[in-house]
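Input: a single structure, listed below in structure tokens.
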Amino acid sequence: MSTTPSANTPPLAPGLPFVGSILALSNDAQDFFYTQYRKLGPVFRVRALGNEFKVLAGPEINMLMGTQSDAFSAWDTWEPVVQDFGGKKTITMLDGPEHARMRRLMRKSFSREALVSNVPQVVALITELIQQQELGQRIPAARFMQQITANILGVLSNDRVPGEYFDDIVTWWTMLLEVHVSHLKPASTLQTARYQHAHQRAKEFASLVFEERKKNRPEIDEDNLLDNLADTSSQDPDFLSHDEALFLTLAGYFAGLDTVANVSSFMLYELLQHPDILAEARAEADRVFADGVPSPESFRSMHTLHVVAQETLRLYPIAGVLPRKAVRDLEYGGYVIKKDEHFMIANAAPHFSPEFYKDPYKFDIERYREPRNEHKKRGAFAPFGAGPHTCLGAGLAEVQIMLVVATMLRYTEFTMDPANYKLKKAYSPSMTPKGFGIKFNAWRP
Ligand code: HEM
């Protein structure tokens, strides 16, 4: 096939015969999308393992996701995922009023306030896991962060930690994503005994928390996720079937687990790379923990941890590529994306543009401070997506990451393991710092 752009054929990113760009994609997908965007423009084609897809990149597409949201749909991507639980639809695939209704059901449990109003309980969950570690022992960072994240999200959205179900939930969701969303594995993966077992256990866990809540539901209406899902599925099963409600019972895990865990791991890595920023962040942690656990108000004063989290989200955009289908013909970057065409939105490509960010590959927390405010330019910063599907848990995720790292800084001294670790990104399926470990060297009184 020709690689020369024609009137409606965007340029093709370089790659090898058949395997296409898979090596570059698996090496550093974000960097690949950004580099091609600079070289080829805001619309380009990518081939990988016999598939070809278009990529739409640049600040304008982030803005279009908001202003022309009626042109995009993620229905086809998520349909097989929810079907796996016996449902037909879920929040990520809906649009319009049904989508808004679904967001309302889940908003409170996934809000910043859900965490901020439960700080003592959340800090107890974090310190419990920290105390189970031995001094001087290597801890795989992403796995450790996954355990902490799962326990926090479990308590906030399911009233309990996943405990013995943790590994099964991770396996179930990882394999499902690898097959249906990142297409890294063939569909036959879902027929394996390993997957079938994990799937059955994930569903069992969802039923368990759902039924437990029904039995122990308090008299007062709490705008609780499980109550909202139970009420809606019994009153309006066409809108939300029982299986769809069970699927959403686990929404905190599948939306928040890998994302928060990997961003937190990258944040630890960057702090350990920058002793000056680490010292500033530790002083802040000591201040907010001075009178016990941080007060709800003290989150507003965690300026350093907030900008460290923002800079980590910019440099390591875990959800930096979003799959979509065109609902109608869509003009972008001089090309027409035809109705029903599938494509990818590289929402994080502007994170690396020197037009927005001075020295964009540098970890630089000053860029978020006055007067620079580099992230505030339109379309420049989209780690949580854009438009009506913008991450529902963005506020929760940010404070969760800040609180986990603040607790570690307050109560422990930790270093990298191995001491000379060189960052290597891998996709499993989310971007993760491969081989990055930490070890606790001392407990701080
Ligand atoms: C650093 C952590 C996180 C990142 C980077 C992230 C990123 C994203 C992105 C980019 C989207 C948009 C997907 C799309 O448009 O196709 C999204 C959607 C979503 N996120 Fe997050 N997320 C994070 C954490 C969380 C957490 C902790 C929760 C809840 C506990 C959560 C709940 C959701 C939900 C429910 C949606 C679907 C929203 C909708 O379709 O209307 N996320 N997230």
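In this chain, residues are counted from 1 in sequence order. In each ligand, atom 1 is the first atom listed, and ligand 1 is the first ligand listed.
In this structure, of G252, C391, S430, S109, the residue bringing a heavy atom nearest to atom 21 (Fe) of ligand 1 is C391. One option in V263, L225, D258, T149 has a heavy atom closer to atom 1 (C) of ligand 1 than any other, and that option is V263. Proximity annotation for atom 32 (C) of ligand 1: of A255, A386, G320, A319, A255 comes nearest, heavy atoms only.
Annotation: T259 places no N or O atom under 3.5 Å from an N or O atom of ligand 1; distance criterion only. Ligand 1 has no nitrogen or oxygen under 3.5 angstrom from a nitrogen or oxygen of T390. Considering backbone and side-chain N/O of H99, one or more are found under 3.5 Å from N/O of ligand 1. At under 3.5 Å, not a single nitrogen or oxygen of N347, backbone or side chain, sits near a nitrogen or oxygen of ligand 1.
At the shortest separation from atom 6 (C) of ligand 1 among protein heavy atoms lies F384 CD2, 3.6 Å.
Under the 6.0 Å cut-off for aromatic ring centres, F266 and F436 do not qualify, their centroids lying 6.0 Å or more apart. Taking the centre of each ring, H389 and H99 come in below the 6.0 Å mark. Between F210 and H242, the distance separating the two ring centers is shorter than 6.0 angstrom. In this structure, the ring of Y411 has its center less than 6.0 angstrom from the ring center of F289. Residues H342 and F53 place their aromatic rings such that the two centres sit no closer than 6.0 Å.
Proximity to V260 (heavy-atom distance under 4.0 Å) selects the following atoms of ligand 1: 2 (C), 27 (C). Within ligand 1, the atoms closer than 4.0 Å to a non-hydrogen atom of G256 are 25 (C), 26 (C), 27 (C), numbered from 1 in the order shown. Of all atoms in ligand 1, listed by their number and element, those nearer than 4.0 Å to a heavy atom of I91 are 39 (C), 40 (O), 41 (O). Taking a cut-off of under 4.0 Å to the non-hydrogen atoms of L396, the atoms of ligand 1 that pass are 30 (C). Listed by number with element, the atoms of ligand 1 under 4.0 angstrom from any heavy atom of G385 are 10 (C).
P383 counts as a contact of ligand 1, since one of its heavy atoms falls under 4.0 Å from the ligand. Contact annotation: T92 has at least one heavy atom less than 4.0 Å from an atom of ligand 1. R324 counts as a contact of ligand 1, since one of its heavy atoms falls under 4.0 Å from the ligand.
Aromatic ring pairs are classed by plane angle as parallel below 30°, tilted from 30° to 60° and perpendicular above 60°; the pair Y34 and F352 is tilted. Ring planes of F205 and Y165: tilted class, angle from 30 to 60°. The aromatic rings of W173 and W78 sit parallel to each other, their planes meeting at less than 30°, with 60° as the upper class boundary.
Only the side chain of R103 comes within 4.0 Å of ligand 1, judged by heavy-atom distances. With a 4.0 Å cut-off on non-hydrogen atoms, M65 does not touch ligand 1 at all. When heavy-atom distances to ligand 1 are checked against a 4.0 Å cut-off, L153 comes that close only through its side chain, counted from C-beta outward. If you look at L322 next to ligand 1, the close heavy atoms, those under 4.0 Å, all belong to the side chain. With a heavy-atom cut-off of 4.0 Å, F110 touches ligand 1 through its side chain alone.
With respect to R369 and E366, a salt bridge is recorded, a charged nitrogen being found less than 4.0 Å from a carboxylate O. Taking a cutoff of 4.0 Å between a charged side-chain nitrogen and a carboxylate oxygen, K88 and D238 do not qualify as a salt bridge.
With Y357 as the aromatic partner, R314 meets the cation-pi criteria of under 6.0 angstrom to the ring centre and within 45 degrees of the ring axis. Taking the ring axis of F72 as reference, the NZ or CZ atom of K325 does not stay both within 45° of it and closer than 6.0 Å to the ring centre.
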